[in-house]
Structures are given as C-alpha cells and as structure tokens.
Amino acid sequence: MGVVTSCLDIDENKINNLKKGIIPIWEPGLENMVKRNYEKNRLSFTTDIAESIENASACFIAVGTPPDEDGSADLQYVLSVAREIGRNMQNYLVIITKSTVPIGTAEKVRAVVQEELSKRNSDLDFDVASNPEFLKEGDAIEDCLHPDRIVVGTDSDKAKEIIDRLYKPFVLNGHPIIYMDIPSAEITKYTANAMLATKISFMNDIANFCEIVGADINSVRKGIGTDKRIGPYFIYAGTGYGGSCFPKDVKAIIKTADENGY
Ligand SMILES: NC(=O)c1ccc[n+]([C@@H]2O[C@H](COP(=O)([O-])OP(=O)(O)OC[C@H]3O[C@@H](n4cnc5c(N)ncnc54)[C@H](O)[C@@H]3O)[C@@H](O)[C@H]2O)c1
C-alpha cells in the first residue's frame with residue numbers, strides 16, 4: 001500500500017500554485033508526478049498545520065536553514081515548525097528532521113515539542129529522528145526514488161518501524177537504510193558536503209599548480225581517478241563550488257566544530 005502525503009508551507013502563493021500543478025522550482029519530471037498524485041488524492045497541499053498532521057504517523061521538517069551572520073545554520077524556521085507541531089499534534093508522531101541541521105538539532109526539536117505539549121497538559125507520545133537529504137538539484141526524483149543510501153538517526157524502535165515502512169519501496173534496489181544514533185546522522189550530511197567541497201577545492205589547487213608547471217589537470221585527473229581508493233567522481237577542476245548548499249554547509253560545520261572546541 002502507498003502513502004498519503006500532505007505538504008505544508010506557510011507561503012500561500014506557493015501552496016495555491018502547487019494545487020494548480022505550478023511547480024516553484026526547476027526539477028525535471030516533478031510537474032507530472034505532482035499532478036498525477038494530486039489528482040489521485042495521494043498528495044495534498046495546505047497552509048493549515050493541524051489539517052496537515054491529522055492522523056499522520058510521520059512528519060518531515062524540510063524548511064530552510066540559511067547561514068546566520070556568523071556562518072552557523074539559522075534554526076529559527078526548523079524550531080518554529082517544531083513549535084507548531086507541538087501545539088497542534090493530536091496523535092503519536094515521529095518528527096523527522098530532513099533539513100540540513102547541525103548536531104544537536106533533533107534534541108532541540110524534541111525539547112520545543114515537549115514544551116508545547118506540556119503547556120497543553122498533554123502526555124502525547126512522540127519521537128524525533130534525523131534523516132538528512134542527499135539529493136542533487138535537477139536530479140531530485142531519480143535521487144529520491146533510487147538513493148545510494150538512506151541515513152536515519154533514531155533512538156526509538158517505534159520510529160524505526162515507521163521509517164522502515166516509508167522507505168521500503170526506495171531500497172528495493174538493494175541500497176541500504178543505514179540506521180545510527182541521532183548525532184551521527186546529523187553530522188553525516190555535513191561530512192558528505194564538506195568532503196565533496198574538499199574534493200573540488202583540492203582539484204582546483206592542483207589545477208593551479210599544473211598551470212604553473214606546464215601540466216594538464218585533465219590528464220592528472222584521469223591518472224588519479226582510476227585509483228579505486230580515489231575514484232573518478234567529483235574531481236573535475238572548475239571555477240570552484242557554489243550553489244545553495246556547499247557554501248552554507250561548509251561554513252556551518254566549521255562553526256559547529258568551533259563551538260565544540262575543535
Ligand atoms: N535544495 C536542495 O537541493 C537540498 C538538498 C539537500 C538538503 N537540503 C536542505 O533542505 C532544507 C530546505 O531546502 P530548500 O532548498 O527546500 O529550501 P527552500 O527555501 O526552497 O524551501 C523552504 C520552504 O519552507 C517554507 N517554510 C518556512 N517556514 C515554514 C513553516 N514554519 N512552516 C511551513 N513551511 C515553512 C518556506 O516558505 C519555503 O517554501 C535546507 O536545510 C537545505 O539545506 C536542500
């Protein structure tokens with residue numbers, strides 16, 4: 001059996017457009033997929049959080065985490081959603097952080113949700129989990145349906161059971177769901193992006209060196225890419241890394257390390 005999904009955003013314009021099949025980002029294949037599932041009532045869009053989480057068993061927080069002035073990830077949007085969940089939830093939920101967030105965020109989400117439940121004198125049960133996203137923009141559907149791996153941090157068997165059920169169709173290709181503790185899952189995403197950014201920066205430095213000494217970086221790349229320990233991916237010299245994630249995530253891991261005395 002499939003899964004019924006409700007998408008929540010505070011941006012009314014975005015939600016109204018999505019209901020009409022207008023996609024706010026460029027992502028090949030997404031328009032057809034959204035229209036098909038919306039028409040079959042498997043997918044809905046709303047700005048009403050109570051409606052969105054009613055009878056749900058899992059809830060993904062996937063809001064932005066832009067860099068703060070000091071480079072740290074700004075968690076105000078993540079924690080604001082967590083607060084709204086705590087104010088509105090009516091049944092058990094596993095609350096899963098999908099946004100790229102620094103170590104300790106799932107615990108902050110847990111504390112905020114608990115605080116709101118306590119204000120309501122509610123003893124509702126809930127769990128938190130971390131499930132970082134590794135998709136590439138422009139290739140999101142393929143990366144989502146056929147992921148190299150799914151990383152999940154959780155300390156709850158009940159949450160694990162729900163997440164297993166959700167992701168089972170996506171790992172029929174044999175690629176694993178890798179379960180771990182919550183802090184390890186949070187740090188895995190930053191480590192992946194920092195490693196990819198490092199590969200690009202390193203090859204650009206070698207390219208500069210090649211220019212000085214009269215060597216060809218593309219030959220060097222082929223020469224090292226055939227080494228299984230290095231591999232052929234992400235070692236192309238270019239203008240440097242950009243995009244929405246690498247610069248902010250590199251800054252955030254440096255800031256988090258700094259805050260933890262490393
Ligand atoms: N874009 C990517 O390729 C990618 C890949 C991996 C991870 N991520 C991570 O995913 C997160 C989201 O990235 P994005 O590119 O989708 O950001 P985005 O800015 O495009 O979208 C975030 C959405 O959250 C909505 N929002 C803000 N506050 C809200 C609230 N309280 N309730 C409901 N909705 C709210 C905003 O209106 C916006 O539409 C970031 O942490 C990012 O690092 C992004």
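Just follow the structure's listing: the first ligand is 1, and inside any ligand the first atom is 1.
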Heavy-atom nearest neighbour in the protein, as seen from [atom], with distance rounded to 0.1 Å:
atom                    : value
atom 10 (O) of ligand 1 : Ser99 CA, 4.0 Å
atom 32 (N) of ligand 1 : Ile10 CG2, 3.6 Å
atom 6 (C) of ligand 1  : Glu133 O, 3.3 Å
atom 41 (O) of ligand 1 : Thr65 OG1, 2.6 Å
atom 19 (O) of ligand 1 : Gly64 CA, 4.5 Å
atom 35 (C) of ligand 1 : Val63 CG1, 3.4 Å
atom 44 (C) of ligand 1 : Cys245 SG, 3.9 Å

If we set the cut-off at 4.0 Å for heavy atoms, which region of [X] has an atom near ligand 1: side chain, backbone, both, or neither?
X      : answer
Lys248 : side chain
Ala62  : backbone
Leu135 : both

Does the protein put a heavy atom under 4.0 Å from [atom]?
atom                    : result
atom 3 (O) of ligand 1  : yes
atom 28 (N) of ligand 1 : yes
atom 37 (O) of ligand 1 : yes
atom 24 (O) of ligand 1 : yes
atom 14 (P) of ligand 1 : no

Please determine if [X] has a nitrogen or oxygen closer than 3.5 Å to a nitrogen or oxygen of ligand 1.
X      : answer
Lys14  : yes
Asp9   : yes
Glu137 : yes
Thr100 : yes

Lys/Arg N to Asp/Glu carboxylate O, [X] vs [Y], below 4.0 Å:
X      : Y      : result
Arg83  : Glu115 : yes
Asp155 : Arg110 : yes
Asp70  : Lys255 : yes

Legend entry - Hydrophobic cluster identity match, Leu43 and Tyr167, side-chain contacts under 4.5 Å: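 Same cluster: Leu43 reaches Tyr167 through Ile, Leu, Val, Met, Phe, Trp or Tyr contacts under 4.5 Å.
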Legend entry - Closest non-hydrogen atom pair between Lys19 and Tyr38, with its separation: O-CE2, 3.2 Å
Inset, instruction - Indicate yes or no for a side-chain donor-acceptor contact from Glu31 to the backbone of Ile23 under 3.5 Å, with no hydrogens or angles considered. - result: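 Not confirmed, Glu31 side chain does not pair with Ile23 backbone.
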Legend entry - Donor-acceptor contact below 3.5 Å, side chain Asn260 vs main chain Tyr262: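 A pair under 3.5 Å: no.
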Inset, instruction - Sort out for me which residue in Thr65, Thr191, Asn193 forms a side chain to side chain donor-acceptor pair (under 3.5 Å) with Asp249. - result: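 In the set Thr65, Thr191, Asn193, the residue that makes a side chain to side chain donor-acceptor pair (under 3.5 Å) with Asp249 is Asn193.
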At a 4.0 Å threshold, what atoms of ligand 1 neighbour a non-hydrogen atom of [X]?
X      : answer
Ser80  : 31 (N)
Lys189 : 6 (C)
Val81  : 30 (C), 31 (N), 32 (N)

Inset, instruction - For a side-chain contact (heavy atoms from CB on, under 4.5 Å) with Val128, tell me which candidate from Thr154, Thr97, Val109 qualifies. - result: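 The side-chain contact (heavy atoms from CB on, under 4.5 Å) with Val128 is passed solely by Val109 among Thr154, Thr97, Val109.
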Legend entry - OH-CD1 distance between Tyr179 and Ile150, expressed to the nearest 0.5 angstrom: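 One gets 8.5 Å once the value is rounded to the nearest 0.5 Å.
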Inset, instruction - Count the heavy atoms belonging to other residues, nucleotides or ligands that lie under 6.0 Å from CD of Glu161, then report whether that count exceeds 12. - result: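 No, the 6.0 Å shell around CD holds no more than 12 heavy atoms from other groups.
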Legend entry - More than 12 heavy atoms from other groups under 6.0 Å of NZ on Lys119: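 Counting other residues, nucleotides and ligands, NZ of Lys119 exceeds 12 neighbours.
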Legend entry - Pairing residues for Asp148 by the salt bridge (Lys or Arg N to Asp or Glu O under 4.0 Å) criterion, not counting sequence neighbours: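 By the salt bridge (Lys or Arg N to Asp or Glu O under 4.0 Å) rule, Asp148 matches no residue at all.
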